[in-house]
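Notes follow the structure.
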Amino acid sequence: MQIKDKTVIGLVIEDMNIDFAGEIIRGALMGMPKNKDVHLVVISGKHDETTDVSDPEYRYKKVYNMVYHLENRCRFDGLIVTIAGIAGSDGVLPFIEGTDNFKKLPKVYIATSPDRTPYVNYDNEKGIREAIDYLVNVNGYSRICMLGGRRDNPDAVVRREIFIKSLKENHVRFDESMYEPSDMSFRSEKAATNLLRRNPDMQAVFCVNDAAAVGLYNVFKNRGIVPGKDVLVFGFDNTNMTGDMNPTLASVGTYGGNMGQIAMTKVLDLIDGKEVTSVTIPTRLYGKESLDYESLDFVATEMARGNKELIGRMFDECYYRYSSSERSREAVDLKRLNYEIISRMLTAARQRYISKDEFGEISRMIDVFFANGAIEYTDSQKFIYSIGKLQSSMFIAQKSVAASVMINRLFLRMKDMAIRSISERRNFDNQMNFRGRSGVQEFLIEVGDDRLDKNEVREKLIHSFDKLGFTEASLLLFDQPVITERWQDSDIPDIIRLRCVIRHGELYVIPEGRQECLVSNIFMRDEVMSSVRGHIALPVTFGHALYGYLVCGTDYGDLQRAEYIVIQIGRVLHG
């Protein structure tokens with residue numbers, strides 16, 4: 001069955017395992033209006049700067065990047081393109097832009113140069129300048145280095161220029177030894193090692209993105225250097241991973257909008273024939289443990305007076321992911337609830353009295369606040385800092401010992417609820433990871449029987465597909481693997497078979513008479529679309545062979561496992 005009246009938007013990105021890509025995907029999903037039948041399809045390839053054909057990783061990425069041919073084959077109504085992520089030595093970008101399909105489709109670019117319109121991009125300068133000004137004028141630092149990015153990445157080039165400019169405007173010397181390019185991935189240890197070797201006296205490091213900071217952290221750990229104590233560190237993008245790093249990573253990020261969300265809104269407007277202009281989103285520095293920085297001056301006396309605007313600003317500072325998150329109409333307004341809690345506590349502090357009924361009501365609101373996921377919008381260090389600020393402001397207003405004890409009990413309740421929320425989230429993540437590993441192990445045992453021939457292995461794979469732990473997924477396979485040494489769209493058959501589907505965790509094996517479909521229509525099949533609003537397509541490959549595609553939902557857990565799983569499926573099909 002094919003869907004006809006659905007608007008399908010393709011999102012062309014780089015490696016989906018980079019946290020920045022995850023932020024774009026989540027934002028694009030948030031930008032899809034509830035009253036329109038819109039579906040997001042993510043096409044994610046691999047960036048590779050090497051040209052060594054003997055390198056196994058290079059060959060893997062060359063075949064993997066055949067996923068980009070779907071952009072030209074499949075029916076999309078519009079495209080969102082993070083062009084900086086897919087330009088490279090393999091010529092992927094020229095291939096995509098040269099197709100007739102690409103040229104005629106409405107499209108919006110993300111994180112690319114201004115000559116491509118319409119676009120959604122960062123105002124890189126404001127946040128970087130804010131960080132450099134703070135390091136130089138407040139901390140008095142002069143040995144500030146940068147772990148940079150790729151030369152083909154426009155944002156990386158611009159951030160380097162702004163970094164150098166900001167240093168010079170603050171009368172701080174810069175030379176090339178203080179800069180080292182990286183591939184902007186988690187595997188930036190070599191670049192970080194080179195930078196540290198040339199600059200053993202570094203005082204601070206700006207990482208071109210949060211992913212590169214992971215490699216820097218690893219190098220620091222091996223040398224006993226503590227970020228935030230021995231060397232201050234800040235990244236860029238302010239992705240969710242910054243709150244999970246140890247210590248938490250300060251980072252430049254947007255305020256006032258998510259790029260994926262804005263891009264989705266604009267491409268839908270283009271489809272509707274509306275005029276669309278480009279957008280540059282302002283940035284700021286979000287301080288964390290690796291660089292303790294506070295952008296707002298919380299004057300305790302003003303807070304004690306219960307200034308509504310100040311309480312709101314403090315909420316935005318602490319729960320900085322809340323404004324750009326997706327929430328249903330029925331969801332509790334956490335910002336309003338936070339104001340109600342804090343203003344009542346401040347009123348009690350000023351009046352030097354809190355009744356048992358009021359204490360009970362505030363306690364109940366605190367429980368509701370955290371039960372509705374408040375801790376998901378911040379990180380532990382940010383939350384503790386915010387609570388400390390609030391307690392300090394209330395002590396100024398308090399003169400009653402009884403009121404002080406009761407209000408401090410409320411603060412203790414907030415901390416307990418936050419700790420419980422973090423613990424429950426980690427336990428859930430651990431359980432899901434364990435189930436995922438166990439499922440893949442069981443799957444490999446099922447299909448690893450050496451008594452089976454290739455056809456039997458393929459059928460066993462189909463009937464064991466649900467063991468891989470997906471909540472929403474489809475497996476589409478060619479009758480014969482496509483063997484190709486180079487990028488040629490004509491090598492891809494027109495026909496593919498939809499072999500099985502997982503919907504809400506349940507496996508459905510497709511009868512033979514309903515399997516065949518055009519590659520161009522794989523995202524128009526109702527079985528593939530299922531009930532979720534977004535999917536990502538991953539090529540199933542081994543060596544130079546392309547066997548088909550795994551199409552899974554954009555659920556965070558599915559995305560984390562997907563690439564590892566398609567590698568295992570490719571190995572099984574290869575035999």
Side-chain angles (χ1 to χ4, degrees), residues 9 11-14 18-33 40 78-85 107-133 149 153-163 165-166 184 206-211 234-242 249-270 274-287 293 295-296 313 316-317 319-327 335 377:
I9 304 299
L11 171 57
V12 186
I13 63 172
E14 192 183 21
I18 296 176
D19 230 42
F20 173 73
E23 296 283 329
I24 296 297
I25 294 171
R26 285 189 287 272
L29 291 168
M30 287 164 48
M32 293 160 55
L40 178 71
L79 290 175
I80 299 171
V81 187
T82 59
I83 220 72
K107 49 193 163 291
V108 173
Y109 293 88
I110 288 181
T112 185
S113 54
D115 60 331
R116 299 185 182 278
T117 57
Y119 66 85
V120 181
N121 206 350
Y122 287 122
D123 171 9
N124 286 278
E125 185 160 356
K126 190 175 186 300
I128 297 173
R129 183 183 296 278
E130 184 179 12
I132 299 300
D133 288 349
N153 186 296
D155 272 329
V157 173
V158 169
R159 289 169 196 173
R160 169 188 157 90
E161 293 172 353
I162 294 170
F163 171 74
K165 178 181 176 183
S166 297
M184 304 176 71
F206 167 38
C207 297
V208 69
N209 62 354
D210 297 336
F234 70 101
F236 204 107
D237 294 327
N238 196 34
T239 52
N240 285 336
M241 62 178 283
T242 60
L249 175 68
S251 186
V252 174
T254 63
Y255 66 97
N258 177 289
M259 289 203 294
Q261 184 176 5
I262 295 172
M264 174 61 75
T265 300
K266 288 189 172 295
V267 76
L268 291 175
D269 284 345
L270 283 173
K274 299 178 182 177
E275 185 176 345
V276 169
T277 58
S278 297
V279 172
T280 301
I281 305 175
T283 59
R284 53 153 294 196
L285 175 64
Y286 290 86
Y293 174 79
S295 68
L296 298 178
R313 287 166 59 202
D316 292 338
E317 177 73 19
Y319 302 95
Y320 53 89
R321 295 192 184 99
Y322 183 73
S323 62
S324 60
S325 65
E326 183 177 20
R327 301 180 299 277
K335 187 170 185 177
Y377 304 110

Test item: Arg160 and Val157 side chains (from C-beta on) under 4.5 Å apart, heavy atoms
no
Counting only N and O atoms by type, is there a donor-acceptor contact under 3.5 Å from the side chain of Asp237 to the main-chain atoms of Thr239?
no
Only one of Asn153, Ile128, Asn124 forms a side chain to side chain contact (heavy atoms under 4.5 Å, CB included) with Val158, so which one is it?
Asn124
Looking at CG of Asp133 and CG of Leu285, how far apart are the two atoms once the value is rounded to the nearest 0.5 Å?
10.5 Å
All heavy atoms of Ala28 vs all of Leu40, minimum pair found to be CB-CD2, 4.0 Å
Donor-acceptor side-chain pairing of Asp123 and Thr280 below 3.5 angstrom
no
Any donor-acceptor pair under 3.5 Å linking the side chain of Tyr286 with the backbone of Thr254?
yes
Atom of Gly253, atom of Asn238 and distance for their closest heavy-atom approach
CA-CB, 3.7 Å
Mind listing the closest non-hydrogen atom pair of Ser251 and Asp210 along with its distance?
OG-OD1, 2.7 Å
Any non-hydrogen side-chain atom of Leu268 less than 4.5 Å from a side-chain atom of Ile9?
yes
Can you tell me how far the CD1 atom of Ile80 sits from the CE atom of Met259, to the nearest 0.5 Å?
11.5 Å
Donor-acceptor under 3.5 Å (Ser166 side chain, Ile162 main chain)
yes
side-chain contact (heavy atoms from CB on, under 4.5 Å) for Arg26 and Asn240? Distances and angles first, verdict last.
CA-CA 11 Å; Arg26 285 189 287 272; Asn240 285 336; 3.4 Å; yes
Aromatic ring proximity, centroids under 6.0 angstrom, Phe236 and Tyr122
yes
For residues Ala211 and Met184, report the shortest heavy-atom separation together with the two atoms involved.
CB-O, 3.6 Å
Tell me whether the NZ or CZ atom of Arg159 lies within the 45° cone about the ring axis of Phe163 and under 6.0 Å from its centre.
no
Would you give the length of the straight line joining atom CG of Asn209 to atom CZ of Phe20, rounded to the nearest 0.5 angstrom?
9.0 Å
Mind checking whether Tyr119 and Val108 have side chains closer than 4.5 Å, heavy atoms only?
no
How long is the straight-line distance from OG1 of Thr265 back to CE of Met30, given to the nearest 0.5 Å?
9.5 Å
Are any side-chain N or O atoms of Glu130 and backbone N or O atoms of Glu125, one a donor and one an acceptor, separated by less than 3.5 Å?
no
Specify the closest pair of heavy atoms between Arg129 and Lys165, including all atoms of both residues, with the distance to one decimal.
NH2-CE, 3.8 Å
Could you walk me through whether Tyr109 and Val120 pass side-chain contact (heavy atoms from CB on, under 4.5 Å), step by step?
CA-CA 6 Å; Tyr109 293 88; Val120 181; over 6 Å; no
Atom pair CD1 (Ile110) and CD1 (Ile262), whose distance is rounded to the nearest 0.5 Å:
9.0 Å
Rounded to the nearest 0.5 Å, what separation is found between the OG1 atom of Thr277 and the NZ atom of Lys266?
4.0 Å
Closest non-hydrogen atom pair, Lys107 against Pro118:
O-CD, 3.6 Å
